[in-house]
Undergrad: 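Handing you a structure now.
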Amino acid sequence: MPVIDNGAQVIIVKSKARSYAPGVQAENLLNALRSKEEMDRQNPRHPKPRTMIEKVQIVGKDDLTATDAALYELFIAWARDEDHKRARGRERAEKASASKAERKRDDLDFPRDASVVGGTGDGAVTDIYAIPYDAVRAYANLHGAVDTPEQLLSCLNRLSRTTVRYNVRDETFRNRGVVNLLNSGLKTNEATGKTVVEFSLPPYVHGLLSKPGSWGYLELRAFGRFRNKYTGRLYQRLALIAGYDNHVRKPLEIEPRKLAEEIGFKWTRYVDFKRNCLNPALEEIEKWVERFLVDFKEEKGAASGRGRPGVALLRFTMTPRGDRKIVELSAPSMTWSDANAAKAGDKVLTPDQLPSAGAVARALKHIRFPHALTGADLSEFWRAAVDEVLEGFTPSHAPAPGMVDVHGERLLASIEMDGADQAFFAWAEASALTGRFFRRTEDLSIPRDICHLMHPKSLEPTEGETPDQRRLRYAKDTAATIVWGLAGLLKRRMPGERTVLPEDVIDTYCDIDTLPWSLVSEHLPDKGAMLRRALTMMLKTRIERHPKTGRNRAVPAMGIERRRATLRNLVSATRKENWSAVHRIACAVVHAPGDNCPF
DNA sequence: TTCGTGTACCTTAATGCTCA
DNA sequence: TGAGCATTAAGGTACACGAA
């Protein structure tokens, strides 16, 4: 149902939040693990949830080595890969059964993450995974650190006894809880002599893998070669930011002590932190990470008394490594059908908006896609993506574009500035990571009665715009997106998946570090301190007993209607650039607690 | 044996305060 | 106003310990 917002009816989906879990980017993960050459060629990347990157803190003894951390990332990637295989199997089975009896769509409200892996139905997932021993050993031995079963067992033992705290709220997890990283061990079949590494993830951690949100794409190849225990911890934080859209990506600015605390470095002096942690970590990241480069700067603090002023702020600026120019890439031959599909005219797109057959062929050769695609597939997906922008409509069942995706006005601007070929290549590279735009034009069934209301002015390309103006426009666009999300117009993601309710995504809208709030903060008198407090309060939870199951669960401390109304007011003020109104609303939330709010 | 990690000690640099 | 002193933190070197 459209919602009235400042006199205009709008329907949008949240651009930041993804409503499904992306898969591991690897042609064949097992082959990549077994062979160093395959690892270098495939360079598998796995999406790690932002929560797992930012909110985890090791509790107690921290004797994990760089190899241990690499193995942990491997296990996370493996679990995700296995979950996806099972999910695809489930989808095929559902399709088969759907042909026999028409399903009642509203009855299919089962949790995706539990059904994928055969969980208990309450979000708890209890699967045990097994990876061939030789594959794990080969991966752990990428830099010659682990060779024997005893050495591998030592790694697994350290991982199994390490406990972490996730400082997040969730419907099933209390933020003061502590869980093991994982449980793991070696298992040998005495009859066949075959050995596997078995592991299981704690249910809460496993559940995070399939939750909607933002992701940091981590390169397993790089992880396997890190030798410094802190490199992987710093790398994940940088990779998370490096994956953001060019227009919203800001440098990571953080106090040295805070960063040290976050990555588990015992603070003594800055020079020790730099020497033993930052320098080796940055060297290794530069040497092994393919996706981005890091520029590191120190900022001295203001003199506050006697003595030499120390380093007050660290600034890490990430830039994509090697933005590839399509004309510099070799062009392979193409099948007759692929070439015809690429050259075919389009009812909506102009010839200037269609990539050449050569561009499609280059994308197929030089971009690593998660699944086998043909040129005809890519051409079709591109037309659907541009069509979506031109119509100004996002299908209700489509997942929201991620920060990595090239979409919206940026896509049109890229076509105009760089040409269809280069724009297509950049779009294909991003889509290979997210999979967001791999769908058909027939999915774009637009209800004409509301279509004219959904074409945000911000989608029109503008000239002479400064980066700040562009960022402001992007923030306002995201604010409009939130309005659509709050209106409950995210009906379904895919056939058979459960309904996405506004309350499912409200938490992602309360993220102060993302647009529009990151930009809004810059305009507020207190630099967004009050807004941060307000959004934090909206994320607070309290524990209550479930009326049916009797189990304790965490529920939002602030009522859903009040959270929704507050967010709507905030984004409405943001769209009008009424910063004082944003500040007043934030103050009202902080100082005037209402229903169920403990403050 | 090599290398990562942590610690200790000394020197150097930067800044503010005091006083002639 | 400038020299000298006090204070604080970085830079550099060396060494011990333990994991790989």
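Per chain, numbering begins at 1; letters A, B, ... match sequence-line order. All values reported here derive from a predicted model rather than from experimental measurement. Just the heavy atoms: all of them, side chains too, but no hydrogens, waters or symmetry mates, feed the values below.
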Undergrad: Rounded to the Å, how far apart are A:Asp68 CG and C:dG18 C1'?
TA: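 Distance, rounded to whole Å: 14 Å.
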Undergrad: Under a 4.0 Å N-O cut-off, is there an ion pair linking A:Arg34 with A:Glu38?
TA: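 Answer for the salt bridge query: no.
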Undergrad: Show every salt bridge (charged side-chain N to carboxylate O under 4.0 Å, His left out) that has at least one partner inside residues 181-194 of chain A, sequence neighbours left out.
TA: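 Applying salt bridge (charged side-chain N to carboxylate O under 4.0 Å, His left out) to every pair that reaches into residues 181-194 of chain A, excluding sequence neighbours, yields A:Lys187-A:Glu198.
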Undergrad: According to salt bridge (charged side-chain N to carboxylate O under 4.0 Å, His left out), does anything in residues 518-529 of chain A pair up with another residue at least two apart or in another chain? List the pairs.
TA: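 Every pair satisfying salt bridge (charged side-chain N to carboxylate O under 4.0 Å, His left out) with a residue in residues 518-529 of chain A: A:Lys250-A:Glu522, A:Arg471-A:Glu522.
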Undergrad: Can you sort out the partners of A:His523 under ring-ring contact (aromatic ring centres under 6.0 Å, His included), two or more places apart, ordered by chain and number?
TA: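 For A:His523, the residues satisfying ring-ring contact (aromatic ring centres under 6.0 Å, His included) (neighbours in sequence not counted) are A:Trp579.
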Undergrad: It should be established whether A:Arg158 places a side-chain nitrogen or oxygen under 4.0 Å from OP1 or OP2 of nucleotide C:dA20.
TA: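 Yes, because at least one side-chain N or O of A:Arg158 sits under 4.0 Å from OP1 or OP2 of C:dA20.
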Undergrad: Expressed as a whole number of angstroms, how long is the span from A:Leu278:CG to C:dG11:P?
TA: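 Computing the A:Leu278:CG to C:dG11:P distance gives 11 Å.
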Undergrad: So, using side chain to side chain donor-acceptor pair (under 3.5 Å) as the criterion, who are the partners of A:Thr574 when residues are at least two apart?
TA: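 So A:Thr574 forms no side chain to side chain donor-acceptor pair (under 3.5 Å) with any residue.
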Undergrad: Run the side chain to side chain donor-acceptor pair (under 3.5 Å) test against A:Ser35 and tell me which residues pass, sequence neighbours left out.
TA: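 So A:Ser35 forms a side chain to side chain donor-acceptor pair (under 3.5 Å) with A:Glu37.
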Undergrad: Separation of A:Tyr270 atom OH from C:dG11 atom C1', in whole Å?
TA: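 Answer to the nearest Å: 12 Å.
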Undergrad: Quick test: give all pairs of protein nitrogen or oxygen and nucleotides 2-7 of chain B nitrogen or oxygen below 3.5 Å, distance rounded to 0.1 Å.
TA:
{"from": "B:dT5", "atom 1": "OP1", "to": "A:Lys229", "atom 2": "N", "distance (Å)": "2.4"}
{"from": "B:dT5", "atom 1": "OP2", "to": "A:Asn228", "atom 2": "ND2", "distance (Å)": "2.5"}
{"from": "B:dG6", "atom 1": "OP1", "to": "A:Tyr230", "atom 2": "OH", "distance (Å)": "3.0"}
{"from": "B:dG6", "atom 1": "OP2", "to": "A:Tyr230", "atom 2": "OH", "distance (Å)": "3.2"}
{"from": "B:dT7", "atom 1": "OP1", "to": "A:Lys266", "atom 2": "NZ", "distance (Å)": "3.3"}

Undergrad: Rounded to whole Å, please give me the gap between CG in A:Leu153 and P in C:dA20.
TA: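 In whole Å, C:dA20 P lies 12 Å from A:Leu153 CG.
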